[in-house]
Each structure stands twice: as structure tokens, then as C-alpha cells.
Amino acid sequence: MTVACNHVWYALALSALLTVSPACAQKAYGPGASDTEIKLGQSTPLSGPASAFGAGAGRAVVGYFEMLNEQGGINGRKISFTQLDNAYSAPKAVEQSRKLVDDVGILAEVGTIGTVPNVAIQKYLNSKQVPQLFITAGGRRFNDPKTFPWTVPLYPDFETEGRVVAKYILKTKPDAKIGVLYQNDDYGKDYLKGLRAGLGEKASLIVAEASYELADPTIDSQIVQLKTAGIDTLIEQSSSKAAAQSIRKVHELNWNPLHIIGGSTASVETILKPAGLDASKGLVTTQFLKQPGDPAWVDDEEVKAYKEFLKKYAPSANPDDYSVLVAYMNVHAVTLALRKCGDQLTRDNLIHQATSLHGERLPMMLPGISISTKPDDYTPFKALRIATFNGTSWTLTGDPLSAE
């Protein structure tokens with residue numbers, strides 16, 4: 001009896017050893033990772049035409065990893081973070097990515113801002129099998145697991161946003177006469193593509209379109225053109241300056257269409273106040289993050305934590321700068337994926353974890369919003385919220401709307 005029990009005990013112990021110890025004992029490291037350190041890199045526009053976006057967001061990212069290291073790092077490993085200036089130039093972005101990969105030896109490049117730099121470095125990083133992780137660019141082209149498996153976006157792509165707006169129109173104003181103002185690049189065209197796809201057989205509701213170039217000094221003539229077309233619903237995907245101009249011009253014309261603006265231009269502090277709060281009343285937009293400058297969130301604990309973080313670790317960054325807010329979300333996502341890697345800190349596993357997320361909610365996300373990714377579909381956001389501006393703050397309308 002004793003012998004039998006010993007045999008049973010031995011068998012159980014051996015089984016436990018074989019099933020548990022490899023996962024516990026074995027560690028795997030790729031370039032840029034060790035028992036004590038994780039090397040990450042980023043190129044961002046600290047100078048050049050997009051420096052207004054890159055500088056503030058860049059300071060927030062540096063500050064976040066500084067805070068994280070003070071708290072003990074990720075799974076006991078400190079983050080060694082290298083940030084280089086790409087001046088929002090395609091050739092410069094490639095040059096800086098090469099430095100990060102070849103000279104610094106990073107595990108991944110994270111949170112690179114903007115379509116131009118990300119398009120430029122996409123082929124290079126994928127050829128080197130280096131994660132281009134959680135980039136801040138909304139082009140649909142960045143969700144292409146078959147061609148570019150190492151590029152993972154973390155931003156609602158503009159096509160998804162257009163689809164959500166289409167669903168809102170079909171639900172609330174199915175007989176709309178739509179006019180579209182869009183920036184004449186992927187930023188605007190992807191949105192328009194999603195809007196048309198979302199409207200489906202009702203795409204004929206779009207009766208007028210007007211585009212503008214990023215370098216155009218004003219879009220006043222396009223607004224007049226759309227008003228003359230007799231539309232009652234103005235949908236625009238504009239950058240910040242053009243959005244503020246259009247809001248102001250619509251008001252000056254005493255025109256009162258249903259006016260829907262892109263989520264990236266919905267900041268109360270940086271867009272609506274310069275355009276005029278009275279002029280902005282009644283605007284509709286899509287949202288996925290809480291707006292720090294919106295009075296609706298003044299007592300929210302996550303908003304307070306966000307502002308306190310910036311005050312201590314990136315005091316020169318404007319908490320109401322949308323790019324800073326998105327960067328804050330981004331670094332939380334990077335941290336989440338790295339934590340999920342545990343001791344298997346390889347580039348392969350990092351991509352696996354980043355593309356196997358299920359309903360994850362990050363700080364500052366609106367109620368009902370989360371991110372999910374799959375190996376064959378990297379699109380993180382499947383739904384967005386609709387909000388209406390009441391002259392003081394944004395008010396969420398209805399439940400999250402799915403783009404699917």
C-alpha cells in the first residue's frame with residue numbers, strides 16, 4: 001500500500017514537474033530584451049510641419065516610461081526608450097528606424113505618429129520582422145496582416161469612422177441631403193470610402209462633395225459651394241485648422257445643417273473654442289476617448305489621473321492636445337501587450353499578444369468602448385460613440401455604434 005502510494009505520489013509530482021516547470025523556468029528573449037531591460041524606440045516629428053503634434057505627444061511618451069520605470073518597470077524590467085526626430089519626413093523616418101533597429105537594437109518601434117512616416121517605414125520594419133506596434137495613424141492600409149504582419153495600428157481607422165457616421169445618418173436622418181468636405185489624401189478619402197460603404201444602397205444621399213489640400217490657406221469657398229448645393233447635412237473629415245474654419249464659416253453664413261465633424265477635431269479647447277462655442281453648438285462627432293477639457297469629465301478619476309501624470313512627468317504638454325491624449329492611450333496599450341508577454345519577450349510573441357486582444361479597456365476610453373484584435377484582423381476599434389455639442393461640452397448620444 002505504501003509502495004503504491006509512493007508510486008502515485010511520484011507520478012503526480014513528475015507530471016506536475018513536466019507540465020509546469022518549462023513554462024516557469026524557460027525564458028525567451030529577442031533583440032532588445034533581457035532579464036533587466038526592454039528596449040523600445042520611436043521616431044516622431046519633434047520638428048517640421050507636424051511638430052505641434054509630435055512634440056507634445058513625444059514628451060508624454062517619454063514621461064510615461066519614466067513613471068513606469070519608477071514604479072518598477074514591466075514584469076520587473078526597466079524600459080530603455082529611445083526617441084528620435086523624423087521631422088515628419090519619409091526619408092528621415094526610414095533613417096531613424098534604421099538607427100533604432102541597427103544601432104540601438106530595439107525590441108519594437110512603438111506609437112509612431114502620422115500616415116507619412118508610417119507608410120515610409122512599414123516595408124523596412126516588416127522586412128526586418130520588427131514590430132511596428134500600435135501606430136497612431138488611421139489609414140486602412142495599416143490593417144493588412146497578410147502583407148504587413150508586423151504593423152499593428154491603434155487608432156480607429158478613418159474608414160471605420162465613416163461607416164459609423166453612415167449608420168448614425170441612416171438611423172436619425174434617413175432622408176438627408178449630404179454634402180461632404182474632405183482633405184484630399186488618405187485621411188479624407190478613407191473616411192469618404194467608409195461613409196459610402198456604410199450608406200450602401202443609400203449612398204445617393206451624398207449629393208455634393210468638396211475637397212481641399214492640406215496646404216490651402218482657407219476652405220471658405222468649399223463651404224459656400226456646399227451650401228449652394230442645397231444640402232442639409234454637412235459631413236467633414238478635416239484637419240484642425242480647416243475644421244475650425246468650417247465651423248466658423250457655417251455660422252457666419254447663418255446656415256444650420258446637421259454638421260458632423262471628425263473625431264480627431266472634436267477638442268473643446270483646441271478646436272471649438274477658437275471656432276467659437278456658439279458657432280459650435282449642435283455639432284456631432286464620433287468619440288472613443290474622454291475629452292480632458294470637456295466639463296462633462298471634470299470630476300472623472302481617470303481624467304484627474306491623466307492630468308496629474310502630465311503635470312508631474314510632462315508639464316509642458318497640453319492635456320487638451322488630442323495627440324497627447326492618444327499617445328497616453330497608446331503607451332498603456334504597449335504596456336498591456338508587454339505585460340502579456342511575461343518572460344517570452346520575443347518579437348513574435350509581442351505581435352501575437354498585440355493581435356490577440358479581447359475587449360480590453362484602456363484608461364480614458366469612453367464607457368462601452370474597448371479594443372479587440374485578431375491575427376487576421378488588426379482593426380482595434382469595432383465601435384464608436386456619437387456625441388453632440390451643447391455649447392459647453394459633448395453629450396454622448398445612444399449606445400456605441402458598430403461599424404460592422
Side-chain angles (χ1 to χ4, degrees), residues 115 137-144 153 155-212 219 222-239 242-243 246-247 249-250 255-266 282-288 366 368-369 372 377-389 394-404:
T115 299
R140 190 69 175 178
R141 63 174 292 144
F142 298 116
N143 177 23
D144 188 358
Y155 194 85
D157 68 76
F158 304 129
E159 189 174 332
T160 291
E161 188 176 4
R163 285 176 177 270
V164 167
V165 167
K167 281 200 170 183
Y168 173 73
I169 292 293
L170 292 175
K171 184 177 180 181
T172 61
K173 199 170 184 180
D175 58 349
K177 294 180 180 178
I178 301 171
V180 183
L181 174 68
Y182 65 97
Q183 190 166 293
N184 190 29
D185 55 17
D186 286 348
Y187 173 74
K189 291 177 180 178
D190 280 359
Y191 184 100
L192 180 56
K193 180 181 178 182
L195 181 65
R196 287 186 171 280
L199 290 172
E201 62 183 20
K202 293 275 192 172
S204 59
L205 293 176
I206 300 175
V207 297
E209 298 175 9
S211 66
Y212 73 93
I219 45 80
Q222 286 92 330
I223 295 298
V224 172
Q225 173 191 338
L226 290 168
K227 181 178 186 294
T228 304
I231 67 171
D232 59 20
T233 303
L234 173 60
I235 300 175
E236 68 170 290
Q237 176 71 335
S238 306
S239 56
S246 73
I247 294 166
K249 186 63 177 177
V250 167
W255 185 26
N256 296 295
L258 170 61
H259 191 173
I260 301 175
I261 63 173
S264 62
T265 55
L283 286 172
V284 172
T285 193
T286 61
Q287 290 187 338
F288 62 101
L366 289 172
I369 297 298
S372 297
D377 182 7
Y378 289 1
T379 305
F381 290 88
K382 307 299 191 292
L384 300 172
R385 299 295 300 263
I386 296 292
T388 303
F389 190 68
W394 289 102
T395 302
L396 294 175
T397 303
D399 296 325
L401 282 179
S402 171
E404 297 175 339

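Worth saying up front: this structure is predicted, and the values here are computed from it rather than measured.
With hydrogens and angles disregarded, a donor-acceptor distance shorter than 3.5 Å links the side chain of Tyr187 to the backbone of Ser238. No donor-acceptor pair under 3.5 Å is formed between the side chain of Thr115 and the backbone N or O of Ala137. No donor-acceptor pair closer than 3.5 Å links the side chain of Trp255 to the backbone N or O of Ile223. Using a distance-only test at 3.5 Å, with no hydrogens or angles considered, no donor-acceptor pair links the side chain of Lys227 to the main chain of Val250. At distances below 3.5 Å, not a single donor-acceptor pair connects side-chain atoms of Lys173 with backbone N or O atoms of Thr233. Between the side chain of Glu161 and the main chain of Thr286, no donor-acceptor pair closer than 3.5 Å is present. A donor-acceptor pair under 3.5 Å is absent between the side-chain atoms of Lys177 and the main chain of Gly230, judged by distance alone.
Annotation: side chain of Val165 is in contact with side chain of Tyr191 (closest heavy-atom distance under 4.5 Å). Looking at heavy atoms from C-beta onward, Arg163 lies out of side-chain contact with Glu404 at the 4.5 angstrom threshold. With contacts defined as side-chain heavy-atom distances shorter than 4.5 Å, the pair Leu283/Ile260 does not qualify. Val224 is listed as a side-chain neighbour of Lys249, based on a closest heavy-atom distance under 4.5 Å.
Residues Ile369 and Pro400 approach most closely at CD1-CB, 4.4 Å, considering heavy atoms. Between Leu205 and Ala176, the shortest heavy-atom contact is CD2-O, 3.2 Å. The nearest pair of heavy atoms linking Ala243 to Glu236 is CA-OE1, 3.7 Å. The minimum heavy-atom distance between Ala403 and Thr160, with the atom names listed, is CB-CG2, 3.6 Å. Taking each heavy atom of Leu195 and Ala166 in turn, the nearest pair found is O-CB, 3.6 Å. Considering every non-hydrogen atom in both Tyr378 and Pro153, the closest pair reads CB-CD, 3.8 Å.
Within 6.0 Å of the NZ atom in Lys171, the count of heavy atoms belonging to other residues, nucleotides or ligands does not exceed 12.
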| request: Would you please test Asp377 and Lys382 for side-chain contact (heavy atoms from CB on, under 4.5 Å) and show each step? | output: CA-CA 11 Å; Asp377 182 7; Lys382 307 299 191 292; 3.9 Å; yes

| task | Quick one: do Leu401 and Leu384 satisfy side-chain contact (heavy atoms from CB on, under 4.5 Å)? Show the steps, please. | result | CA-CA 6 Å; Leu401 282 179; Leu384 300 172; over 6 Å; no

| said: Show, in sequence, the C-alpha distance, side-chain angles and deciding distance for Thr172 and Ile386, and conclude whether the side-chain contact (heavy atoms from CB on, under 4.5 Å) test is met. | reply: CA-CA 12 Å; Thr172 61; Ile386 296 292; over 6 Å; no

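With sequence neighbours excluded, no residue forms a salt bridge (Lys or Arg N to Asp or Glu O under 4.0 Å) with Lys193. With sequence neighbours excluded, no residue forms a side-chain contact (heavy atoms from CB on, under 4.5 Å) with Asp399.
Here Asp157 pairs with Arg140 in a salt bridge; the nearest charged N to carboxylate O distance falls below 4.0 Å.
Note that the CD atom of Gln183 and the OH atom of Tyr212 stand 3.5 Å from one another [nearest 0.5 Å]. Atom CD1 of Ile235 sits about 4.5 Å away from atom CD1 of Ile169, to the nearest 0.5 Å. Between the OH atom in Tyr182 and the NZ atom in Lys189 there is a gap of 6.5 Å [rounded to 0.5 Å]. Between atom CD1 of residue Ile231 and atom CD1 of residue Ile206 there is a gap of 10.5 Å, rounded to the nearest 0.5 Å. With values rounded to the nearest 0.5 angstrom, Arg385 atom CZ is found 4.5 Å from Leu396 atom CG. The structure places CG of Leu192 at 10.0 Å from CD of Gln237, a figure rounded to the nearest 0.5 Å.
Counting only N and O atoms by type, the side chains of Tyr168 and Thr397 include no donor and acceptor under 3.5 Å apart.
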